[in-house]
Structures are given as structure tokens and as C-alpha cells.
Undergrad: 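Dumping the structure here so I can ask a few things about it.
Scope of the values below: all heavy atoms of this structure, side chains included, with no hydrogens, waters or symmetry mates.
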Amino acid sequence: MQQKRNIQIIEWEDLDKRKFYSFGVFMTMSIRATVYPATLIRTRLQVQRGRSLYNGTLDAFVKILRAEGVRGLYRGFMVNTFTLISGQAYITTYELVRKYVSAYSANNSVKSLVAGGSASLVAQSITVPIDVISQQLMMQGQGEHLTRFKIKPRMAAAAGGKHKVTFGQTRDIIAQIFATDGLRGFYRGYLASLLTYIPNSAVWWPFYHFYAEQLSKLAPSNCPHLLLQAMAGPLAAATASTVTNPMDVVRARVQVEGRSSITRTFKQLIKEEGFCGMTKGLSARIISSTPTAIVMVVGYETLKKVSLRPELVDSRHW
């Protein structure tokens, strides 16, 4: 943070970029693999009508595990790994915009707010088509009746001629989306995604630095800064998730159900399920965002530490 604060932020110009990107890909992949099951559960909870399929996060986890196995919790994961590109675009944009805004304002909250929103805008432009495809794959199995697109059944090799769904048929889903909606189908829900993730990112970073600052004032002077940052991350994530969850519910329905109007989707949700509908998937979102935030903060701050230019290594308290 600023010089007078206990926790000093490692800025863009302090980094060895080669190390930063090399370690960054590994860190991003690890985070996504860890939290993907919670993301899948959140999507199914948000799209279902009332409690037609699952009664909550734990119930969804148990039912998916029993009916579809561990593979069911990772439907669409291989497609989702392409978001590694957007992850690198996100952190690059965040750091560069922070550096740019620093020339106009020394206020850390302002820098974090502008940089977080800008980074999300760039990342979502890359992520939305990947999300549209992976979400359709997430809904297969128990949730396939909630989506327009279904993986084509193949004849089983086993005797009896029973049909089974072949997992990972990404090409089937892509072809169906294109045939139905054209190229625009891959950007369905783009505006809803921007309205969800730009505020989420813009809120997360200032709150993260705020909570870290407050914790540093309460903690002993010899308390490791990484521990304080690891505690600040989940607090910021829970705050941002609560603020932006209503739009996240609308975004999921627009993308999975193929709706074209954010306003009509919002009104129908309120009409059918009341304002409680705005909290659908919130617990799953917080559950997924908490470990994500811890891993991301510890990983990201560690990444920046190990990527410091050699002459600056001894200047940062760890």
C-alpha cells in the first residue's frame, strides 16, 4: 500500500516479467482446477426453477457426485482451461492500468477501482464465448433439461444397444450454438457478464486492500503480511459476491436459456421467485470464492514476490 502503510504493494515496474508470466500460468490453472466444481454447482443452482433439482449447495454436490461421479463435477473443464488466456490478460491489464492511474492519483482505492474494472472488461471480452460453451457442458447430465443444447447420444459399445452420453463433446455444443444463434450466440449474455464482473472486480480490489490495511493495524508488527493478505482476500470476495450476485443470476440464465433481454429475465425472476431469487447460488459463490480468494491472494502475492527484480528482493517485507 502507500509508503505510510505496513503492507507495501509490489507494483508493475518492480517485476521481472518473464518470471511473472511463467509462474502465472501455473498459478491460474491450479486455482481453476480447485474451484471448478463449486462453479459448476453455482451455475446449476442459478438456472434451476425454484428447487426443482437441488435444495442447496451441499445437496447439489451430493446428488451430482452420486449420479455423475467426480467427472460430473468437472463437465466442461477442458474448455474452461482456455480462460487461462483471459487470466493473463486480466492481470496484465490490472497492473498496467494501476501504473497509468498512478500518474494522476496516489490514492490506492482509486487505482484499484479503475484497474479492477478495466481488467475485467478486457478479460470478459475473451472469457464470454468460453463461458457460454463450458456452461452448456456444465448443464449436461442432471441439468440437461434446463438448457437448449444437449450432447448427442451415441450408441454404447456394450451389448444391449443402450444409449449413453459421450462426455466432452464440445464440438456438438459449438455446432448447435452456431446453427441456432450464429456467431452472436457465443456472446450471449456479454452485457450481463460485464454488468456482473466489472463491478465485482472493481469492488474486490479496493476492499481487498482496505481489509488488508485494517488487519495490519490490528495484528502484531511481526505478523507475516502474507497471512493478513490471505485473510483479506476472502473478506473482499464475500463482499463483492454479495453485492453482484443478483446480476450473476441473471447472467447465468441469459447465457444458458438463450434469453435476449436482461430486463425481462430480471423481471421474470422477481415475479416467479421474489427477491430471494436474487440470492440463488450465493452460498455456492461465496464457498467457491473463499478458497479462490485465499489461493489467488497467496498465489498472486507469492508470484509477485518471486518475480521481483533481483535488486528489490531485500526491500520487501514478507
Side-chain angles (χ1 to χ4, degrees), residues 1-21 23-25 27-28 31 83-128 190-191 193-217 225-226 228-230 232-241 243-244 247 289 292-293 296-309 311-312 315-317:
M1 297 182 181
Q2 296 174 2
Q3 194 66 32
K4 63 181 180 180
R5 295 173 180 169
N6 292 330
I7 299 178
Q8 192 173 9
I9 294 175
I10 298 173
E11 300 288 3
W12 180 251
E13 58 270 18
D14 301 330
L15 300 173
D16 178 331
K17 309 304 186 297
R18 186 175 59 181
K19 290 182 179 179
F20 184 71
Y21 284 113
F23 293 130
V25 170
M27 182 199 76
T28 304
I31 292 173
T83 55
L84 285 172
I85 300 169
S86 65
Q88 297 305 300
Y90 180 94
I91 59 177
T92 300
T93 303
Y94 178 78
E95 294 294 345
L96 287 175
V97 172
R98 272 187 66 90
K99 179 181 178 181
Y100 176 79
V101 176
S102 296
Y104 300 93
S105 173
N107 187 291
N108 189 60
S109 295
V110 172
K111 290 190 288 186
S112 299
L113 181 73
V114 176
S118 301
S120 190
L121 173 62
V122 172
Q124 285 305 305
S125 297
I126 302 171
T127 299
V128 168
Y190 177 61
L191 179 58
S193 291
L194 295 182
L195 292 175
T196 300
Y197 291 112
I198 289 179
N200 187 82
S201 183
V203 168
W204 192 92
W205 285 103
F207 271 104
Y208 165 60
H209 291 303
F210 170 77
Y211 287 131
E213 178 187 355
Q214 298 306 310
L215 289 169
S216 71
K217 293 177 180 178
H225 289 172
L226 189 61
L228 301 179
Q229 291 166 326
L235 292 173
T239 302
S241 295
V243 170
T244 61
M247 185 52 67
S289 67
T292 302
M296 188 188 81
V297 166
V298 172
Y300 190 59
E301 297 295 348
T302 302
L303 170 65
K304 291 171 75 175
K305 180 68 176 179
V306 299
S307 301
L308 269 173
R309 290 188 286 116
E311 66 271 22
L312 298 175
S315 68
R316 298 295 190 272
H317 177 58

Undergrad: Heavy atoms only: give me the nearest Lys19-Ser307 pair and the separation to one decimal.
TA: C-OG, 3.6 Å
Undergrad: Can you tell me how far apart NZ (Lys99) and CD (Glu13) are? Round to the nearest 0.5 Å.
TA: 5.5 Å
Undergrad: I need the Thr83 OG1 to Tyr90 OH distance, nearest 0.5 Å.
TA: 13.5 Å
Undergrad: Rounded to the nearest 0.5 Å, how far apart are OG of Ser201 and CG of Leu113?
TA: 9.0 Å
Undergrad: Compare all side-chain heavy atoms of Leu235 with those of Phe207 and state whether any distance is below 4.5 angstrom.
TA: no
Undergrad: Please report the shortest heavy-atom distance between Leu303 and Phe20, naming the atom on each side.
TA: CD1-O, 3.5 Å
Undergrad: Rounded at 0.5 Å granularity, tell me how far CG in Leu215 sits from CZ in Phe210.
TA: 9.5 Å
Undergrad: Quick one, His209 and Ser109 - any side-chain contact, counting heavy atoms below 4.5 Å?
TA: no
Undergrad: Once ring pair (Phe, Tyr, Trp, His ring centres under 6.0 Å) is applied, do any residues pair with Tyr94, and if so which ones, sequence neighbours excluded?
TA: Trp205
Undergrad: What's the spacing between Leu308 CG and Asp16 CG if we round to 0.5 Å?
TA: 9.5 Å
Undergrad: Distance from Ile198 atom CD1 to Thr244 atom OG1, nearest 0.5 Å?
TA: 12.0 Å
Undergrad: Using the ring pair (Phe, Tyr, Trp, His ring centres under 6.0 Å) criterion, which residues pair with Tyr300? Sequence neighbours excluded.
TA: none
Undergrad: At their closest point, which heavy atom of Ala293 faces which heavy atom of Pro234, and how far apart are they?
TA: CB-N, 3.6 Å
Undergrad: May I ask you to decide whether Glu301 forms a salt bridge with Lys305, counting only side-chain N to carboxylate O separations under 4.0 Å?
TA: no
Undergrad: Where do Val110 and Asn107 come nearest, in terms of heavy atoms and distance?
TA: N-OD1, 3.1 Å
Undergrad: Just to verify, what does Ser120 make a side chain to side chain donor-acceptor pair (under 3.5 Å) with, not counting sequence neighbours?
TA: none
Undergrad: Partners of Thr92 by side chain to side chain donor-acceptor pair (under 3.5 Å), sequence neighbours excluded?
TA: Tyr21
Undergrad: Would Gln88 and Ile85 satisfy side chain to side chain contact (heavy atoms under 4.5 Å, CB included), going step by step from the backbone distance to the final call?
TA: CA-CA 5 Å; Gln88 297 305 300; Ile85 300 169; over 6 Å; no
Undergrad: Write down the atom of Gln124, the atom of Ser193, and the distance for their closest heavy-atom approach.
TA: OE1-CB, 3.5 Å
Undergrad: Checking Ser125 now: which residues fulfil side chain to side chain donor-acceptor pair (under 3.5 Å) with it, not counting sequence neighbours?
TA: Tyr190
Undergrad: How far apart are the closest heavy atoms of Ala123 and Ser86, and which atoms are they?
TA: O-CB, 3.6 Å
Undergrad: State which residues pass side chain to side chain donor-acceptor pair (under 3.5 Å) with Thr239; sequence neighbours excluded, sorted by chain then number.
TA: Tyr211
Undergrad: Run the side chain to side chain contact (heavy atoms under 4.5 Å, CB included) test on Glu213 and Leu228 for me, step by step, so that the C-alpha distance in whole Å, both residues' side-chain angles and the decisive distance to 0.1 Å come before the verdict.
TA: CA-CA 9 Å; Glu213 178 187 355; Leu228 301 179; over 6 Å; no
Undergrad: Take Gln229 and Tyr208 through the side chain to side chain contact (heavy atoms under 4.5 Å, CB included) test and state the conclusion after the steps.
TA: CA-CA 8 Å; Gln229 291 166 326; Tyr208 165 60; 3.4 Å; yes
Undergrad: Restricting to side-chain contact (heavy atoms from CB on, under 4.5 Å), what partner residues turn up for Ala240, sequence neighbours left out?
TA: Asn200, Val203, Trp204
Undergrad: Test of understanding: with side-chain contact (heavy atoms from CB on, under 4.5 Å), list the residues that count as partners of Ala230, not counting sequence neighbours.
TA: Val298
Undergrad: Scan residues 86-95 for pairs that pass salt bridge (Lys or Arg N to Asp or Glu O under 4.0 Å), counting only residues two or more places apart or in two chains.
TA: Glu95-Lys304
Undergrad: What pairs with Leu191 under side-chain contact (heavy atoms from CB on, under 4.5 Å), at least two apart in sequence or on another chain?
TA: Leu195, Ile262
Undergrad: Quick one: ring pair (Phe, Tyr, Trp, His ring centres under 6.0 Å) partners of Tyr100, sequence neighbours excluded?
TA: Tyr104
Undergrad: Does Val97 have any side-chain contact (heavy atoms from CB on, under 4.5 Å) partners at least two apart in sequence or in another chain, and if so, which?
TA: Thr93, Val101, Val114, Ala115, Ser118
